[in-house]
Each structure stands twice: as structure tokens, then as C-alpha cells.
Engineer: 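Please see the structure below; I have some questions.
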Amino acid sequence: MMKNATGTHDHRVGTLPSARGFVPALEGMRALAAFAVLTTHVAFQTASSTGSAIHRIWGRMDLSVAVFFALSGFLLWRVHALHARSGAPGTARPARTYLRSRLVRIMPAYLVLVGAVFLLIPHNASSAPATWTANLTLTQVFVPDSLVEGLTHAWSLSVEMAFYLVLPLLWWALARLRGPAARWRVPVIAGVGVLSLGWALVPWYELGLPERLNDQILPPAFASWFAAGMILAELVAAPPGRVAALARHRHARWGWWALAAAAFLASTVPQWFTEGFVHPSGPEFAARTALGATVAFCLLAPVALAPGGQRFAVLGSGPVTMLGRWSYGVFLWHVLVLYFAFQIAFVPMFSGRMLQVWLVTAVVSTVIAAASYSLVEEPSRRWLSPRRDPGALPVPDGRGDHRTDDDEAPTGGTPTEGQPAATPAQTSPNTVIS
């Protein structure tokens, strides 16, 4: 039983459905985000990401990466938010067990992709050993010139992995904010998220950062996106308050999603933001990142804060949640598939025909993702996952097996819980990877 700030028992703590267990509508949200990333890459490769309002929309769907990062923040943080509200000592789970589970979830399917990319794209095979190592270890954002064709999008997985590694430090940093003091956790997390927007304003290259490293894909640049999900985790763990009340009505979701749409559309205005995959100025990057955090929070809030019994007919439907289960594979494989999609569709690169190329890429990526899930991801999880804590309550995941309440897919497609940012599969000579 948990206590509120006055020290009395509060039976409302952690009572929202998303505070524990599997949330089908969040799985559906992953699916939409994964295909949004795919759409942005297809738009870029078909020269359909700039020049008109609808092209700018296709080209800015990489903001769905913010949704993946926020999902990771939410799903991995909620168990610690509940732990803090209970006032219990220590941390909610051992760091070693947590880190092993993250590696098991991300690395097996990713390593298969890396092998395929280096074998199937001829000029990748001649890459330097340092490039191979950086990609195999998901450290490519820290190693100059390590983004290789077919794997450029994996920079966001590298960022996600950095978040996974730092998360235990965040548990300990907020360890004293438990019980009645837990009410300060949201202001602290929000403050760090806002401060992180200043990352892009610091002249890192003048301070010695190697020019061949992209300061705008380093992990601190995206702290606000993870913070958006962590704040939602704190809100669902706390007694339902005003923010939860705003999501309580079954039609309130449309207000939240309208705010997300407005923030997204603002990022496509050419007078405010540069079109396409370019390296923007510091202030522009900070503003776009802030809009991404807003989009992610407003998209996820009505699902995360929904009361018991509220359903999301499309997001929680069988077909969409199935795509959500495969979303990590879709994210992983779609850039490599896109490399060959032009040959399959008999369409030259950068020559339009976006719909044709999109269909080929989406269908083939989904088929490979389904195979990856069945043959690599799930077997790896069964064979390599750390032994479950006997006290951990298994949660039905709608597939006939069970997951604990913090089990999530990685980003990049999330992944299911976290998903990486999108970068072009191949850049034109005039484009800088952002």
C-alpha cells in the first residue's frame, strides 16, 4: 500500500492500467511510428521529401523517432516510478538483470542485420575494421565516418543503447525522491529535458569536438524525447491528477492528437525549418527537437493516461498490434530493403514514384520483420533472457506468452519501446546526414 504526500494511504497510486503490464494501443503506436520512419526514407530516396506541403510532411515523419524514444522512456521508467511512489528502498530491479535484458532484446536481430548489410552491399565489405566494430557494438555515433550504407538509420539505436546504459544512473540519481518526495520527480525530469535543448546551442566544434562527428546525433541532444516518456511514467504511477483527467474522456484523445498534429505541421513550415535531411543551425535543431518532444508526449498521453475500460479500436486491434510486434524488424531492415527496392520496382533512385517504391519497401520489410521476430527475436529472448524474478508478476501480452511490466522492444523501431531516429539510407552529394 502506498502513501501520498501527507503520509496517509493512497489507494489511487499506480491505478491507471498502463502503470503495469502490456498496453495494446502502445504496441499499435509503435507500428505507426515504424512505418512513418520508413515513409521518410522512401520520400528522401525518391526525391519526394521537399518542394511541396505534402512532400515536406513525408520528409518530416522522422519525428516519429521521438515517439520511439518516448516509448522507451515510458516503458522502462514506469516500474521505477511506482517503486519511488511506494517509498521502498533501493531500486526496482537489479541493474545487471536489466542491462542483460536490453542486450538480449536488441542485439541478436541487429547483429543479423549488420552481417547482411556488410555482405550484400559490396563496398561495405571493404570498410575499415573500426567501422565494423563501431557498427557491431552500436557505438557508431561516437566514431567518425562510421555510418555505412544500409545502416545509417542505426545511429538512433546507438542513441537508444546509450540511454539504456545511463538509465541505472538515473535511478540512483533520483533515489532520494521517493515516498512523499516523489512529487518532485516530474519537475526534475522536465527540467533536465528542457536543459538538454541547449545542447545544440553549444559550439562543440570550437570546444574541440572532431568535425567528422555529428554533434546533432549524440545522445544528450535527445534527452527531452526520453524525458517526455519518463514524465508520462511518473504521471501514471502517481494518483490520477489534472493531466490524467484531461485524458479521461473517451473523446479527449482527439484534442491531444490535434496538439501533436499542430506541433508536427509546425516543423514542416519552410519559413521556420529547413527542408530535407540537412544539418540545421543550432537554434533550428533545438526548436525542432522541442516540437518532437511535444509530438511524442501528446501522441502517447491519451493512451498512457487512459482510465480502465477505455479502448483504442484501431491502435489496439489485432492487425495493428501484430505489426507493432514486428515493428523492430521493420525498422531494422527497411533501409537495406530500400537499397534494393529500386531494382525490384525498376525505378531509378531520386526519380519520383514514391508510392511504387513505398509499397515494395513496406511489403518486403514486413515479411522480413515477421521472419526476424519468429526466427531470431523471440527465440533469443527465450534462450538468453535472464531468469525472471520469482516475485515478478507475469503480464499477459496478448500472444499467449508473458512479459514482465518493463519488457519492451528496442527503439529503432523501437522498436517497440524505443525507437531511433531516422536518417537517409543513402544521401545525395548535397545532403548532410542529420
Engineer: Would you say the side chain of L213 lies within less than 4.5 Å of the side chain of W204, judging by non-hydrogen atoms?
Structural biologist: no

Engineer: Looking at A362, is its backbone amide N or carbonyl O close enough to the side chain of S365 to form a donor-acceptor pair, meaning the two atoms are under 3.5 Å apart?
Structural biologist: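 Pair absent, no side-chain N/O of S365 close to backbone of A362.
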
Engineer: State the CG-CG distance between L147 and N135, to the nearest 0.5 angstrom.
Structural biologist: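 Output value for this atom pair is 7.5 Å.
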
Engineer: Is a donor on one side and an acceptor on the other found under 3.5 Å between the side chain of T40 and the backbone of W58?
Structural biologist: yes

Engineer: I'd like to know if the side chain of H55 reaches the main chain of T50, judged simply by a donor and an acceptor atom lying under 3.5 Å from each other, with no hydrogens or angles considered.
Structural biologist: yes

Engineer: Within the 4.5 Å heavy-atom criterion, are T46 and F342 side-chain neighbours or not?
Structural biologist: yes

Engineer: Looking at every heavy atom in both P24 and T321, which two are closest together, and how far apart are they?
Structural biologist: O-CG2, 3.4 Å

Engineer: Quick check: F277 with F44 (ring centres under 6.0 Å apart)?
Structural biologist: yes

Engineer: Please walk me through it: do L259 and T294 pass side-chain contact (heavy atoms from CB on, under 4.5 Å)?
Structural biologist: CA-CA 8 Å; L259 289 174; T294 303; 5.8 Å; no

Engineer: Testing the 3.5 Å rule here: is there a donor-acceptor pair between the side chains of E234 and W77?
Structural biologist: yes

Engineer: With a 3.5 Å distance limit and no angle check, can you tell me whether R288 reaches the backbone of P280 through a side-chain donor-acceptor pair?
Structural biologist: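 Not a single qualifying donor-acceptor pair exists.
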
Engineer: In the structure I gave you, are the side-chain heavy atoms of T274 and E284 within less than 4.5 Å of one another anywhere?
Structural biologist: yes

Engineer: With a cut-off of 3.5 Å and sequence neighbours excluded, list every side-chain donor-acceptor pair involving residues 112-122.
Structural biologist:
none

Engineer: Show the numbers, then the answer: is there a side-chain contact (heavy atoms from CB on, under 4.5 Å) between M161 and L103?
Structural biologist: CA-CA 9 Å; M161 180 60 77; L103 290 174; 3.9 Å; yes

Engineer: Nearest heavy-atom pair of P180 and R183: which atoms, and what distance?
Structural biologist: O-NH1, 2.7 Å

Engineer: Measure across V188 and L174 and return the closest heavy-atom pair with its distance rounded to 0.1 Å.
Structural biologist: CG1-CD2, 3.8 Å

Engineer: For the residue pair R102 and Y164, would you count it as a cation-pi contact if the rule is NZ or CZ under 6.0 angstrom from the ring centre and within 45 degrees of the ring axis?
Structural biologist: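 So R102 does make the cation-pi contact.
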
Engineer: Donor-acceptor pair, distance only, cut-off 3.5 Å: does the side chain of S18 make one with the backbone of A304?
Structural biologist: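 Here the side-chain-to-backbone pair exists.
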
Engineer: Over 60° means perpendicular and under 30° means parallel, so classify the ring planes of W358 and F35, tilted if in between.
Structural biologist: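 Ring orientation, 0 to 90° scale: tilted.
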
Engineer: How many angstroms lie between CZ in R178 and NE2 in H83, if you round to the nearest 0.5 Å?
Structural biologist: 5.0 Å

Engineer: Verify, without hydrogens or angle tests, whether S327 (side chain) and G324 (backbone) share a donor-acceptor contact under 3.5 angstrom.
Structural biologist: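 Yes, because the side chain of S327 sits within donor-acceptor range (under 3.5 Å) of the backbone of G324.
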
Engineer: If you apply the rule salt bridge (charged side-chain N to carboxylate O under 4.0 Å, His left out), what do you find for R60 with E275, and how did you get there?
Structural biologist: CA-CA 8 Å; R60 195 44 62 210; E275 300 180 57; over 6 Å; no

Engineer: For residues A109 and L332, report the shortest heavy-atom separation together with the two atoms involved.
Structural biologist: CB-CD1, 3.7 Å

Engineer: For the pair E377 and R325, find out whether any cationic side-chain nitrogen is under 4.0 Å from an anionic carboxylate oxygen.
Structural biologist: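 No, E377 and R325 are not salt-bridged.
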
Engineer: State, yes or no, whether a side-chain contact exists between L138 and M107 at a heavy-atom distance under 4.5 Å.
Structural biologist: yes

Engineer: Just by modelled atom types, is the E149 backbone N or O under 3.5 Å from a matching donor or acceptor in the T152 side chain?
Structural biologist: no

Engineer: Quick one: do H334 and H41 satisfy side chain to side chain donor-acceptor pair (under 3.5 Å)? Show the steps, please.
Structural biologist: CA-CA 9 Å; H334 78 274; H41 288 157; 2.7 Å; yes

Engineer: Give, for atom CG of L315 and atom CG of L32, the distance between the pair rounded to the nearest 0.5 Å.
Structural biologist: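 Output value for this atom pair is 5.5 Å.
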
Engineer: If we only count heavy atoms from C-beta on, is the V269 to L265 side-chain gap below 4.5 Å?
Structural biologist: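 No, every pair of side-chain atoms sits at 4.5 Å or beyond.
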
Engineer: Return the CG to OG distance between L197 and S224, rounded to the nearest 0.5 Å.
Structural biologist: 4.5 Å

Engineer: If you look at every heavy atom in I106 and L157, which pair is closest and at what distance?
Structural biologist: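 Shortest heavy-atom contact: CG2-CD2, 4.5 Å.
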
Engineer: State the CG-CG distance between L170 and L167, to the nearest 0.5 angstrom.
Structural biologist: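 It is 5.5 Å, given to the nearest 0.5 Å.
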
Engineer: Taking all non-hydrogen atoms of both residues, which atom of D145 and which atom of T131 are closest, and how far apart?
Structural biologist: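 Closest approach of D145 to T131, heavy atoms only: O-OG1, 4.0 Å.
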
Engineer: Any donor-acceptor pair under 3.5 Å linking the side chain of S374 with the backbone of A371?
Structural biologist: no

Engineer: Quick one, S101 and R93 - any side-chain contact, counting heavy atoms below 4.5 Å?
Structural biologist: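 Sidechains of R93 and S101: in contact.
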
Engineer: Run V360 and L338 through side-chain contact (heavy atoms from CB on, under 4.5 Å) and show every step you take.
Structural biologist: CA-CA 8 Å; V360 171; L338 181 56; over 6 Å; no

Engineer: Given 3.5 Å as the limit, does a donor-acceptor pair link the side chain of R100 with the main chain of T97, or not?
Structural biologist: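 Looks like no, no N/O pair under 3.5 Å.
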
Engineer: Ring centres of F74 and W225 under 6.0 Å apart?
Structural biologist: no

Engineer: Hey, what do you get for CG (L82) to CZ (R85), rounding to the nearest 0.5 Å?
Structural biologist: 9.5 Å

Engineer: Could you go through the side-chain contact (heavy atoms from CB on, under 4.5 Å) check for V364 and W333 one step at a time?
Structural biologist: CA-CA 9 Å; V364 176; W333 288 95; over 6 Å; no

Engineer: Are Y328 and Y373 an aromatic pair by the rule of ring centers under 6.0 Å?
Structural biologist: no

Engineer: How about W383 and V104: do any of their side-chain heavy atoms sit closer than 4.5 Å?
Structural biologist: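 A side-chain contact is absent here, since even the closest heavy-atom pair is not under 4.5 Å.
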
Engineer: Using side-chain heavy atoms (C-beta onward) and a distance below 4.5 Å, is F312 in contact with L26?
Structural biologist: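 Side-chain contact under 4.5 Å: no.
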
Engineer: Side chain to side chain donor-acceptor pair (under 3.5 Å) with D215: which residues, sequence neighbours excluded?
Structural biologist: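 In terms of side chain to side chain donor-acceptor pair (under 3.5 Å), with neighbours along the sequence ignored, D215 is linked to Y205, H279.
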
Engineer: Please confirm whether the backbone N or O of V141 pairs with a side-chain atom of W155, one donor and one acceptor, at under 3.5 Å?
Structural biologist: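 Answer holds: no.
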
